[in-house]
Amino acid sequence: MPLLDYDNLKVTAATEIQNNLRENIIVKPREFPINIIAGADISFNKFSTTVYAGVILLQFPELVPVGYSVIKKEVLFPYVPGYLAFREVPALMEAWDNLPQKPDLLVVDGHGIAHPRRMGIAAHFGVVAGTPTVGCAKKVLCGQFEEPASIKGSHSPLIFKNEVVGAALRTKNAVKPVFVSPGHLMDVPSTIDIISQCIGRYRLPEPTRMAHNLVNQFRLGEISEGYTDLRQLPM
DNA sequence: GCGACAG
DNA sequence: ATCTTGTCGC
């Protein structure tokens with residue numbers, strides 16, 4: 001795996017990297033079993049260059065946490081819409097490398113191919129790590145969609161440049177939908193299928209929601225840096 | 001030029 | 001993303 005040092009990149013160089021990595025994205029129906037699904041997210045204090053990254057592993061389809069990895073890192077690349085990966089992927093990759101075991105599918109907080117250059121953070125991470133990923137975002141970055149029916153489970157296509165790049169998925173009755181899209185080694189139908197099975201009682205699908213809680217607890221000092229296999233805790 | 005703009 | 005109180009609706 002290449003060293004991920006994006007801190008000194010200019011946006012023009014980052015665009016070039018996205019255009020090159022794009023050639024490696026594989027969008028296709030899921031063709032592997034899922035026993036472990038994971039959620040990845042970042043947390044940080046406003047105006048700080050320290051980011052708290054984490055990945056949480058969940059047994060699938062039970063959605064009970066079985067392990068996690070969290071790490072703190074300094075990041076200089078700024079948040080620029082369309083270039084989120086250059087700010088968050090390096091830290092997420094460190095957390096990923098330290099996991100007690102790798103998941104069958106990773107749900108990244110942000111978009112996959114529902115991106116101006118088809119290289120949202122989920123696609124970027126999937127290609128660099130060589131692992132199946134999907135993106136789950138709370139807001140649209142690009143593309144058009146019609147409001148899905150207000151009942152949980154409803155979804156409508158997210159279209160960008162005449163192409164279906166993802167879906168608006170209603171995860172809770174009468175609550176704003178989330179936007180899901182394939183990252184790597186997945187396609188739109190497979191993404192909708194799996195994320196639909198990750199819906200609990202909240203707006204955010206369990207992998208994303210638990211990853212968000214994890215990195216927030218880490219940032220607030222409620223848990224310490226490192227990794228844990230929750231299946232073998234001392235008793 | 002104008003509006004939009006993941007986290 | 002983070003901060004932050006009350007308020008509306010199922």
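Please read all numbers here as calculations on a predicted model, not as lab measurements. When reading the values below, keep in mind they use all heavy atoms of this one structure, side chains included, and skip hydrogens, waters and symmetry mates. Protein chains get the first letters and strands the later ones, always in sequence-line order, with residue 1 at the start of each.
Using a 4.5 Å cut-off on side-chain heavy atoms (C-beta onward), Gln59(A) and Ile36(A) make contact.
For Lys139(A) and dT2(C), the NZ to P distance is 12 Å, given to the nearest whole Å. At whole-Å resolution of the value, NZ in Lys152(A) and C1' in dC10(C) are 13 Å apart. Rounded to whole Å, the distance from CZ on Phe160(A) to C1' on dA6(B) is 13 Å. Residue Tyr52(A) contributes atom OH, which lies 21 Å from atom P of dG7(B) at whole-angstrom precision. The CG atom of Leu84(A) sits 8 Å away from the P atom of dG7(B) (whole-angstrom rounding). dC5(B) atom P lies 10 Å from atom CD of Gln144(A), rounded to whole Å. Whole-Å rounding puts the Lys176(A) NZ to dG9(C) P distance at 17 Å. Look at CZ on Arg87(A): it is 16 Å from C1' on dC5(B), rounded to the nearest Å.
Centre separation under 5.5 Å together with a plane angle under 30° holds for the ring of Tyr79(A) and the six-membered base ring of dG7(B), marking them as stacked.
Using a 4.0 Å heavy-atom cutoff across all strands shown, Val140(A) reaches sugar-phosphate atoms only and no base atom. Contacts of Lys46(A) with the nucleic acid, taken as non-hydrogen atoms under 4.0 Å apart, include base atoms. Using a 4.0 Å heavy-atom distance criterion, Phe86(A) is classed as making no nucleic acid contact. As judged by a 4.0 angstrom heavy-atom cut-off over every strand, Gly135(A) is placed among residues making no nucleic acid contact.
Atom CD of Gln144(A) has 12 or fewer heavy atoms from other residues, nucleotides or ligands within 6.0 Å. The environment of NZ in Lys102(A) is crowded: more than 12 heavy-atom neighbours from other residues, nucleotides or ligands sit within 6.0 Å. Shown here is Tyr227(A), whose OH atom has no more than 12 heavy atoms of other residues, nucleotides or ligands within 6.0 Å.
At dA1(C), one or more side-chain N or O atoms of His212(A) fall inside 4.0 Å of OP1 or OP2 (strictly under the cut-off). Side-chain nitrogen and oxygen atoms of Arg201(A) include none within less than 4.0 Å of the OP1 or OP2 phosphate oxygen of dC10(C). Within the 4.0 Å cut-off from OP1 or OP2 of dA1(C), at least one side-chain nitrogen or oxygen of Lys138(A) is found.
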Test side chain to side chain contact (heavy atoms under 4.5 Å, CB included) on His124(A) and Tyr83(A); report intermediate values, then the result.
CA-CA 10 Å; His124(A) 190 125; Tyr83(A) 299 87; over 6 Å; no
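With distances taken from any side-chain atom of Arg219(A) to the nucleotides dG7(B), dC3(C), dC5(B), the minimum falls on dC3(C).
Place Asn216(A) and Ala174(A) on DNA chain C by their nearest nucleotides, and Asn216(A) ends up nearer the 5' end.
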